[in-house]
Protein chains: 2
Amino acid sequence: MIVTIKDVAKEANVAPSTVSRVISNSPRISEKTKKRVREVMEQLGYHPNFQARSLAAKSTQAIGVIMPNSAYHAFQNPFFPEVLRGISTNAHTNKYGIYLSTGSTEDEIFEEVTSMVQGRRVDGIVLLYSRVNDKTMKFLQEADFPFTVVGRPDENEERVTYVDNDNIFITKQITNYLIKLGHTNIAFVGGSLDFVVTIDRLNGYKLALSEAGIPFNDEYLVNEELIKENGKKAITSLMNLQSPPTGLVTQDDLIAYEIISHLENMKIRVPDDVSIVSFNNLLLSEHSKPSITSVDIAIYQLGYEAAKCLIEIIKNPDLLPRRITIPTKIIERKSCANNKNISM
Amino acid sequence: MIVTIKDVAKEANVAPSTVSRVISNSPRISEKTKKRVREVMEQLGYHPNFQARSLAAKSTQAIGVIMPNSAYHAFQNPFFPEVLRGISTNAHTNKYGIYLSTGSTEDEIFEEVTSMVQGRRVDGIVLLYSRVNDKTMKFLQEADFPFTVVGRPDENEERVTYVDNDNIFITKQITNYLIKLGHTNIAFVGGSLDFVVTIDRLNGYKLALSEAGIPFNDEYLVNEELIKENGKKAITSLMNLQSPPTGLVTQDDLIAYEIISHLENMKIRVPDDVSIVSFNNLLLSEHSKPSITSVDIAIYQLGYEAAKCLIEIIKNPDLLPRRITIPTKIIERKSCANNKNISM
DNA sequence: CTGAAAGCGCTAACAC
DNA sequence: GTGTTAGCGCTTTCAG
């Protein structure tokens with residue numbers, strides 16, 4: 001019923017190894033026999049068995065993608081499909097399949113990764129997040145297993161290959177943009193400081209402030225999670241500060257929309273009263289009211305390069321680690337205005 | 001370096017077959033030896049090799065998820081991460097992995113599916129779309145390979161297991177909602193008629209019209225793709241009809257946002273001048289201006305059930321095909337109003 | 001209750 | 001250029 005390499009070999013009057021070589025298109029086989037074997041394969045409807053091939057060749061032709069499925073990384077966020085699309089496009093052109101893992105907790109992720117690695121389910125792994133002191137990443141390093149990460153690793157930066165934006169720089173830029181519009185009371189809305197991306201962006205923000213001689217005020221630090229839990233409360237308390245912010249640096253357009261909605265409920269207008277800048281430049285941000293000034297971080301590219309580097313490493317494990325920086329672009333729209341209070 | 005079942009066997013003074021039985025928790029092994037073997041496994045850091053197991057047992061413990069990566073299925077749409085989350089949650093609790101395939105064209109998808117099936121990469125497949133006359137689905141049926149689909153199959157409905165909303169009914173309902181508000185000029189914005197979901201929803205829409213005695217006008221049929229390509233043009237020509245619509249039934253909140261944005265540019269107010277209803281109930285739709293009345297189709301559930309049914313079929317191939325209908329809910333918000341022209 | 005041994009379908013030396 | 005053969009690591013009869 002199942003047609004194997006032996007059946008093909010018999011039918012084509014060659015040895016199984018010859019068929020195997022035809023499959024891998026070995027140059028040591030004459031075009032004539034290649035042609036004949038391929039015809040038989042076609043005729044018999046032969047398809048190589050991945051498991052058997054993996055077992056014998058010790059390569060699975062699949063890469064694992066670790067995608068945190070947590071409250072932190074809101075799943076309704078288009079970030080993930082977009083990176084995935086990048087990864088899968090590259091993987092596919094290199095004939096690699098994608099094995100997806102979505103753990104909810106750190107332990108679950110760790111468990112899945114170890115079993116993927118030890119059980120040889122995949123040839124390499126791309127990590128879609130970078131958190132401080134991550135045992136999964138440590139495990140991967142210690143096991144010397146091929147992996148790349150989307151984001152900057154917390155530790156051993158020089159020893160892992162990763163793809164990232166220059167988050168410090170770009171956040172400094174976008175904060176400067178607000179400063180140049182006359183804003184000095186600028187809040188930073190970000191995710192957990194367990195994630196390196198948050199740390200980097202916060203540093204960029206602080207850098208811009210300090211270069212402009214604006215003191216850092218930690219009342220202006222808002223945790224994204226608080227907004228997701230109870231946005232109204234979080235925004236209310238922010239705007240009820242003695243000197244409420246007139247500018248907001250947000251990490252994600254989705255959060256920006258939500259904040260704007262709450263502000264409007266409080267009769268605070270964007271951009272008239274408060275200016276807001278954000279990241280990710282979702283398609284939608286062009287059409288929202290107001291349209292949002294957002295940093296395009298080239299999500300697709302991030303995924304594409306991460307897969308590309310990973311496959312290079314798989315093919316040549318001695319490759320030196322490297323950092324790929326994906327350029328970003330500030331897309332200026334209508335969510336920012338000059339600070340009205342500038343003369344105060 | 002790699003610890004195999006033999007190493008464990010030697011260390012525990014049993015035969016490899018015994019270790020194998022311990023792994024599958026065979027009742028024929030005494031608790032005593034189970035315990036001992038497990039200790040050795042732990043101590044040696046043993047992890048079973050998936051490939052070898054698959055090859056010998058002819059089961060991969062992985063399900064394939066086919067996700068069309070096309071312009072039609074805008075990838076920035078949160079639909080996919082959300083179904084995926086449902087699928088992966090269920091798969092994971094059943095100890096199945098997820099193998100992802102994202103083809104861009106019909107042929108690419110077909111190619112990937114055949115190779116997944118014939119190459120025994122997966123034990124079953126969930127199809128994340130249903131299109132008219134789909135050769136991939138036909139192939140799966142003919143090969144008698146376990147699969148489920150999210151959406152209603154075009155053909156052989158009674159012979160495949162699928163998970164869907166009652167799209168005809170719910171679209172009729174939501175159209176009725178508009179009719180009850182006094183709208184008679186109601187446009188339908190939908191995707192390609194190659195997709196069964198579009199066909200069903202269009203039928204629901206037509207049903208509502210006909211029951212209300214409103215003639216169907218095909219000038220009110222707008223193709224979603226046109227909006228994605230050139231929304232401005234599409235909306236302009238719709239609103240410049242002799243009698244422009246005062247109500248809109250849209251297939252996706254994302255499209256709704258975009259339409260609203262174009263309408264506002266034309267100084268047409270939502271909901272004052274035009275009412276709009278939509279599907280998917282994205283998180284965001286609560287915060288958009290105006291907030292959108294949308295059908296919650298329980299995307300997560302759709303995925304969860306599709307995976308559940310698939311795994312049941314894999315475990316018991318003789319199971320009869322069945323249809324799972326996931327209930328929907330209309331979430332009323334602020335994008336609709338009574339028709340001002342009602343007295344005209 | 002446990003062991004021995006024969007594969008699963010393929011690849012990769014090693015021959016010739 | 002092509003064939004022979006010995007595994008890859010596991011499961012599964014069949015014995016005992």
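The figures that follow rest on heavy atoms only: side chains count, while hydrogens, waters and symmetry mates do not. In what follows, every chain begins at residue 1, and chains take the letters A, B, ... in the order their sequences are listed.
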Sequence neighbours excluded and cut-off under 3.5 Å, please list the side-chain donor-acceptor pairs for residues 109-117 of chain A, or say none.
| residue | atom | partner | partner atom | Å |
| --- | --- | --- | --- | --- |
| A:E112 | OE1 | A:S101 | OG | 2.4 |
| A:E112 | OE2 | B:H92 | NE2 | 2.8 |
| A:T114 | OG1 | A:F110 | O | 3.1 |
| A:T114 | OG1 | A:E111 | O | 2.8 |

- prompt: Using a heavy-atom cut-off of 4.0 Å to chain B, what are the terminal contacting nucleotides of DNA chain D, in 5' to 3' order?
  reply: D:dG9 to D:dC14
Quick test of your reading of the model: are [X] and [Y] salt-bridged, counting only N-O distances below 4.0 Å?
{"X": "B:R38", "Y": "B:E42", "value": "no"}
{"X": "A:R36", "Y": "A:E39", "value": "no"}
{"X": "A:E142", "Y": "A:K138", "value": "no"}
{"X": "A:E157", "Y": "A:R152", "value": "yes"}
{"X": "A:R322", "Y": "A:E312", "value": "yes"}

- prompt: Between which nucleotides of DNA chain C, read 5' to 3', does contact with chain B run, using atoms under 4.0 Å from its heavy atoms?
  reply: C:dC1 to C:dG9
- prompt: DNA chain C: B:L55 or A:A56, which has the more 5' nearest nucleotide?
  reply: B:L55
With rounding to the nearest 0.5 angstrom, report the [atom1] to [atom2] distance, [X] to [Y].
{"X": "A:D7", "Y": "A:I5", "atom1": "CG", "atom2": "CD1", "value": "10.0 Å"}
{"X": "B:D123", "Y": "B:K58", "atom1": "CG", "atom2": "NZ", "value": "12.0 Å"}
{"X": "B:I314", "Y": "B:F145", "atom1": "CD1", "atom2": "CZ", "value": "7.5 Å"}
{"X": "B:N49", "Y": "B:T4", "atom1": "CG", "atom2": "OG1", "value": "9.5 Å"}

message: According to side-chain contact (heavy atoms from CB on, under 4.5 Å), who are the partners of A:Q61, at least two apart in sequence or on a separate chain?
response: A:S59, A:K95, A:Y96, B:R121
- prompt: So among A:L128, A:V197, A:I326, which one has a side chain to side chain contact (heavy atoms under 4.5 Å, CB included) with A:V150?
  reply: A:L128
statement: In numerical order, the residues of residues 33-50 of chain B whose heavy atoms come under 4.0 Å of DNA chain D are B:Y46, B:P48, B:N49
statement: Under a 4.0 Å heavy-atom cutoff, the residues of residues 14-27 of chain A touching DNA chain D are A:V14, A:A15, A:S17, A:T18, A:R21
message: Has B:N25 got a side-chain atom pairing as donor or acceptor with B:R21's backbone, closer than 3.5 angstrom?
response: no
message: Students often get this wrong, so: under 4.0 angstrom with heavy atoms, is A:R28 touching a base, only sugar-phosphate, or nothing?
response: base
- request: Looking at every strand, decide which applies to B:D7 at a 4.0 Å heavy-atom threshold: base, sugar-phosphate, or nothing.
  value: nothing
